[in-house]
Amino acid sequence: MADILTKRADDYAQWYNDLVLKADLAEHSDVRGCMVIKPHGYGVWEKMRDALDRMFKDTGHVNAYFPLFIPKSYLAKEASHVEGFAKECAVVTHYRLKSDPEHGVVVDPAAKLEEELIIRPTSETIIWNTYRGWVKSYRDLPLLVNQWANVVRWEMRTRLFLRTAEFLWQEGHTAHATEQEAVEETERMLDVYARFAEEWLAIPVIRGVKTASERFAGAVETYCIEAMMQDGKALQAGTSHFLGQNFAKAFDVLFTNKENKQEHVWATSWGVSTRLIGALIMTHSDDQGLVLPPKLAPVQVAVVPIAKNTEQMESIRTYIAPTLAALRARGITVKFDDDDTKKPGWKFAEYEFKGYPVRIAIGPRDMENGTVEVARRDTLEKQVMAVTDIDAKIEHLLSAIQENLFQKALALRERYTRAVDTYDEFKVAIEEGGFILAHWDGTPETEERVKNETKATIRCIPLEGDRSPGRCMVTGAPSDRRVIFARAY
RNA sequence: CGGGGCGUAGCGUAGCCCGGUAUCGCGCCUGCUUUGGGAGCAGGAGGUCGUCAGUUCGAAUCUGGCCGCCCCGACCA
């Protein structure tokens, strides 16, 4: 195997950067901070999108699409929202260019917009401005809308998938007649994300609530799922916000209730982004390259014929055709790679590096023996199997890989999760990485101090697990329960 | 926005200190032999040395400006 990838142990960040580029997931574009998502990477996103979209539909949501441009004045209507996003907004000021002998084209100063337009960093404002017209009566509620879109946040420092100036995501925006309904929706969508992360991405996550300082700008409460990467750092994998009546009040979204009284509606919003691809990479991949869980692999099984000549290629094609058909009949995606410009060894390395979960090789030997060689990406094990009923075995193998990846990730998280009781212990533990469970007095001051002194933040106040009270590791003040500290992406 | 580094063929690089028109590997093209873990041999194509100016008979090399990107920090999903 060619030594083309930095080892995780040598430099985890470099390993990640190398992997994204060399596994052909994405590349840097000429536009600073923006990436080109290549077909292999976009294929993974399509799988995520399809699975999530089904889950959204199953929970009663519908898709719609709102504009990329947001009038500047909208952003200012909700005070904490504007404060949260103002620093990273791209602004459109003109609507026309004109040709210029010296510079090719220049902005036409005569074409200045009367009101500047913001490229959406998120769509709450334009959506709530629209909802005002949609919601008049309790009969119009709940409003359960999602959109798949791109957004722009002008980040100072970017990394492929993890933080780019433009990214793809989905944002759900719902309106409800009661507070309780909205809170239930927030929790329901958090649960959808958690199930998606665990069952599809094979990433174990902790459901929790953000502290005030980590809360979404404009939210009353932010729920999140937190995952642990192989280097022990935390990554927020999805958020679901209970927005209270903040946006309804800012945009005058009122409805008439059954008692014929006017009320502001209650809101939620929730989203996950292409950042999940980064999470996927950093959870499962190894020094040999990308590892994809079968449920998200654009192609689950790569079939590599080993042929000396055209006749042999044709007989392999005939030999394997029933198997390919049987696999496809089971809904398994298969690629039969009969490209004769590349050698089998090259293909093995390539499919391994790009994370195809299962590889089948067939050569003359197999045709004589009625076998195929089956290799699994997660463990790199190879096994010669009878070709008879191989489709059932592959289907089983794919589930086994999916499960194995989840269990490995869970074991890692458990190994790097521990409780500490004193700040001194904490300072040692945080250097070793992972999740630290510790008591916190609930004040932003203590949280800030820990952050400044150790670079660790409170990832969340977990919704599950140990709820026993104690004393804050820093101040000794009473604490309801342990929270999760970690260094984060 | 601070600190560090880098711009030479599609990619990775040597050359720069000590000026004389660019090295090597991968990839690409052609042919033959190969094909069960990134094939071998032979031949070939491919370059405004980031950019602008200066010094010089002559600049990838020296000087100055500009541009871009990457990495580390602060900020964030």
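Below, all heavy atoms of this structure are taken into account, side chains as well, without hydrogens, waters or symmetry copies. In what follows, every chain begins at residue 1, and chains take the letters A, B, ... in the order their sequences are listed.
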_Nearest listed nucleotide, side chain of A/R275, among B/rG36, B/rA74, B/rA77_ = B/rA77

_Residue matched to B/rU48 through Watson-Crick or wobble contacts both under 3.5 angstrom_ = none

*Looking only at side-chain atoms of A/E350, point me to the closest of B/rC76, B/rG36, B/rG38.*
B/rG38

*Closest to the A/R153 side chain: B/rA77, B/rG38, B/rU35?*
B/rA77

*Consider the side chain of A/K451, meaning its heavy atoms from C-beta on, and name the nucleotide among B/rA77, B/rC76, B/rC71 that approaches it most closely.*
B/rC76

*Reckon A/A307 touches a base, only the sugar-phosphate, or nothing at all at heavy-atom distances under 4.0 Å?*
base

*Using both distances under 3.5 Å as the test, list the Watson-Crick or G-U wobble partner of B/rG43, or none.*
B/rC29

_N or O in side chain of A/H28 less than 4.0 angstrom from B/rC69 OP1/OP2_ = no

_Base, sugar-phosphate or nothing for A/R359? Non-hydrogen atoms, less than 4.0 Å._
base

*Considering just the side-chain nitrogens and oxygens of A/N17, establish if one lies under 4.0 Å of OP1 or OP2 belonging to B/rC71.*
yes

*asked:* Only pairs with both distances under 3.5 Å count, Watson-Crick or wobble alike; so what is the partner of B/rA53 in this structure?
replied: B/rU63

*Which residue, A/G84 or A/A375, contacts RNA chain B at a nucleotide closer to its 5' end, judged by nearest heavy atom?*
A/A375

*Does a side chain donor of either A/Y16 or A/D231 reach within less than 3.5 Å of an acceptor in the other side chain?*
no

*asked:* Ring-plane angle category for A/W128 and A/Y131, please: parallel below 30°, perpendicular beyond 60°, tilted otherwise.
replied: perpendicular

*Between B/rU35, B/rG37, B/rA77, which one does the side chain of A/E155 approach most closely?*
B/rA77

*asked:* What's the closest nucleotide to the side chain of A/W346 if the choices are B/rG38, B/rA74, B/rA77?
replied: B/rG38

*Do you see a donor-acceptor pair shorter than 3.5 Å between the side chains of A/S315 and A/T318?*
no

_Nearest-neighbour nucleotide for the A/S273 side chain, B/rG37, B/rU35, B/rA77 considered_ = B/rA77

*Is A/E373 touching bases, backbone alone, or none of the nucleic acid, heavy atoms closer than 4.0 Å?*
base

*Between the side-chain atoms of A/R163 and the base atoms of B/rC76, is any donor-acceptor pair under 3.5 Å?*
yes

*Closest to the A/K343 side chain, choosing from B/rC75, B/rG37, B/rU34*: B/rU34

_B/rG37 base / A/K382 side chain donor-acceptor hit below 3.5 Å_ = yes

_Gap in Å between the two C1' atoms, one belonging to B/rG27 and one to B/rA9, rounded_ = 11 Å

*asked:* For B/rC17, give the paired nucleotide (Watson-Crick: N1-N3 plus N6-O4 or O6-N4; G-U: N1-O2 and O6-N3; both under 3.5 Å), or none.
replied: none

_Partner lookup for B/rC69, please. Criteria are Watson-Crick or G-U wobble with both distances under 3.5 angstrom; report none if nothing qualifies._
B/rG5

*B/rC24: pairing nucleotide in any strand, Watson-Crick or G-U under 3.5 angstrom*: B/rG12

*Atom C1', compared across B/rG44 and B/rC69: separation rounded to whole Å*: 33 Å

*Look at all strands and tell whether A/L162 reaches a base, only sugar-phosphate, or nothing, counting heavy atoms closer than 4.0 Å.*
base

*Report which part of the nucleic acid A/F216 touches: base, sugar-phosphate, or nothing (heavy-atom distance under 4.0 Å, all strands).*
nothing

*Is there a Watson-Crick or G-U wobble partner for B/rU35 with both distances under 3.5 Å, and if so, which one is it?*
none

_Closest approach to the side chain of A/K455, judged atom by atom: which nucleotide of B/rA74, B/rG37, B/rG36 is it?_
B/rA74

_Donor-acceptor contact below 3.5 Å, side chain A/D287 vs main chain A/R8_ = yes

*When rounded to the nearest Å, what value does the distance between P atoms of B/rC71 and B/rG15 take?*
25 Å

*Mind telling me whether A/H40 and A/Y356 have parallel, tilted or perpendicular rings, with 30° and 60° as the class edges?*
parallel

*Calculate the interatomic distance between A/L5 atom CG and B/rG38 atom P; express it in whole Å.*
18 Å

*Side chains of A/E453 and A/Y423: do they bring a donor and an acceptor to under 3.5 Å?*
yes

*Classify the angle between the aromatic ring planes of A/H241 and A/F216 as parallel (below 30°), tilted (30 to 60°) or perpendicular (above 60°).*
parallel

